[in-house]
Amino acid sequence: MSSTQADRPVVVVSSCLAGKKVRYDGSSVDDRYIKKLLEYVHPVEVCPEMEIGLPVPRKKVFLYLSERGKRLIQEGTGADLTEDMRRFSTSFLDFLGGVDGFLLKAKSPSCGITGAKAYLRPDRKIYAGRKKGIFAEAVLEKYRYFPVTDEVILRDFYRRFSFLNRLYLFFYYRVYGPEYILSEFVHILELFNKKRTAIFKKNPDKENFIRIFSVDLTEKRFKQKIKKGELKKFISFPAELLDYPA
């Protein structure tokens, strides 16, 4: 483990969110909050579309819900990039090593954890709703219950609070182990999942820790459990990260 990995959470980040000009049109994403957040983490940048050989700039890709399931198709060329993306996703995640969370590009057909447009025909004339991107789907399957978010989700105060706590708790568990978590943050674990926290206390292995976060912290539960003036008690991360730029 490098000193950087021990000092800050390790977060897989879509390269375009990290300021790299790798989007289909050669642009990046200019997001003030993401820039701030990346100063507090060790980013592992990835652009799945470039990793499978697509250039910059490039024709857009989109999701097609075929009889064979979800496919990743490039407009104009009609190239089916699904298996290339799945192979890359598996390889990348298998060799990733210690990681605490994921920050992926919203609405992307590769990275979108929600919001990627999908179609029932390859000519995109029948809209089928919004789905998960191919790479994001692999992340959510392999890293079930890990902190995974996007730049749109982080605009919401309650979801930002939830993600940041989960991210730093995963970081603390990886670096300092369960004893530290139970001595310092058991009240925050119980905020997420009291039943699973009790199981973790009896058997503090990694699987029981991860399962605490099988239930996300909703706005309703936040307001029920955190009384006015008590917010600081439930922050495991640098408090300034809770502030969102105006």
Side-chain angles (χ1 to χ4, degrees), residues 5 9-25 28-29 34 38 41-75 77-119 122 124 128-154 163 166-167 170-171 174 206-207 210 213-214:
Q5 289 174 311
V10 177
V11 180
V12 173
V13 182
S14 293
S15 297
C16 59
L17 292 178
K20 301 300 188 295
K21 296 182 177 181
V22 295
R23 299 192 71 202
Y24 73 95
D25 58 359
S28 62
V29 177
I34 299 303
L38 291 180
V41 305
H42 173 62
V44 178
E45 297 178 19
V46 61
C47 176
E49 293 176 21
M50 287 196 68
E51 291 290 345
I52 63 170
L54 296 180
V56 177
R58 57 183 175 272
K59 296 284 188 180
K60 287 183 181 180
V61 294
F62 64 92
L63 298 176
Y64 162 46
L65 306 184
S66 74
E67 294 180 355
R68 295 187 295 153
K70 187 188 297 180
R71 313 301 295 178
L72 184 67
I73 307 297
Q74 187 173 40
E75 69 175 24
T77 69
D80 188 334
L81 305 169
T82 313
E83 299 310 319
D84 289 341
M85 183 61 72
R86 285 178 176 157
R87 279 192 294 270
F88 165 73
S89 300
T90 298
S91 175
F92 177 84
L93 296 174
D94 282 350
F95 290 96
L96 186 56
V99 65
D100 304 307
F102 296 79
L103 172 57
L104 303 177
K105 177 69 185 76
K107 304 178 183 180
S108 162
S110 53
C111 289
I113 58 175
T114 58
K117 290 182 178 180
Y119 301 87
R124 295 189 296 169
R130 294 184 179 270
K131 306 293 180 181
K132 297 178 180 66
I134 302 294
F135 178 76
E137 202 167 54
V139 168
L140 293 169
E141 181 177 348
K142 186 174 180 66
Y143 287 90
R144 194 177 184 193
Y145 307 140
F146 269 63
V148 182
T149 193
D150 63 39
E151 77 279 14
V152 175
I153 288 173
L154 288 176
F163 171 77
R166 287 182 290 134
L167 177 65
F170 271 73
F171 164 56
R174 175 175 61 82
K206 186 174 182 179
E207 183 62 27
I210 291 172
F213 304 97
S214 59

Hey, are the side chains of [X] and [Y] touching, using non-hydrogen atoms and a 4.5 Å cut-off?
| X | Y | value |
| --- | --- | --- |
| Gln74 | Leu81 | yes |
| Ile73 | Pro122 | no |
| Leu54 | Val61 | yes |
| Val44 | Val99 | no |
| Leu96 | Phe102 | yes |
| Arg68 | Asp80 | yes |
| Val22 | Cys16 | yes |
| Leu154 | Ile34 | yes |

Which heavy atom of [X] sits nearest to which heavy atom of [Y], and what is that distance?
| X | Y | answer |
| --- | --- | --- |
| Ala116 | Gly133 | CB-N, 4.4 Å |
| Cys111 | Leu104 | O-CB, 3.3 Å |
| Met85 | Pro48 | SD-CB, 3.5 Å |

Considering residues at least two apart in sequence or located in another chain, which fulfil the side-chain hydrogen bond (donor to acceptor under 3.5 Å, both in side chains) criterion with [X]?
| X | answer |
| --- | --- |
| Lys117 | none |
| Arg86 | Glu83 |
| Lys20 | Glu45 |

Please report the interatomic distance [atom1]([X]) to [atom2]([Y]), rounded to the nearest 0.5 Å.
| X | Y | atom1 | atom2 | answer |
| --- | --- | --- | --- | --- |
| Thr114 | Lys132 | OG1 | NZ | 8.0 Å |
| Glu207 | Arg144 | CD | CZ | 9.0 Å |
| Leu140 | Tyr145 | CG | OH | 11.5 Å |
| Glu141 | Leu93 | CD | CG | 10.0 Å |
| Ile113 | Asp150 | CD1 | CG | 4.5 Å |
| Asp84 | Leu72 | CG | CG | 9.0 Å |

Where do Arg174 and Lys206 land on the side-chain contact (heavy atoms from CB on, under 4.5 Å) test, with the steps shown first? CA-CA 9 Å; Arg174 175 175 61 82; Lys206 186 174 182 179; over 6 Å; no
Verify the neighbour count for atom NZ of Lys70: are there more than 12 heavy atoms of other residues, nucleotides or ligands below 6.0 Å? yes
Given the rule in the side-chain contact (heavy atoms from CB on, under 4.5 Å) test, do Leu167 and Val41 qualify, once you have shown the distances and angles that lead to the verdict? CA-CA 10 Å; Leu167 177 65; Val41 305; 4.3 Å; yes
Donor-acceptor pair, side chain of Ser110 and main chain of Ile134, under 3.5 angstrom: no
Taking Ser15 for the side chain and Val46 for the main chain, is one N or O donor matched with an acceptor at less than 3.5 Å? yes
Under the salt bridge (charged side-chain N to carboxylate O under 4.0 Å, His left out) test, residues paired with Lys142 that sit two or more places apart: Asp94
Residue pair Phe92, Glu51: steps toward the side-chain contact (heavy atoms from CB on, under 4.5 Å) verdict: CA-CA 10 Å; Phe92 177 84; Glu51 291 290 345; over 6 Å; no
Please identify each residue that fulfils ring pair (Phe, Tyr, Trp, His ring centres under 6.0 Å) with Phe213, with sequence neighbours left out. Phe170, Phe192, Phe209
So the side chain to side chain donor-acceptor pair (under 3.5 Å) pairs with at least one residue in residues 58-67 (sequence neighbours excluded) are Glu49-Arg58
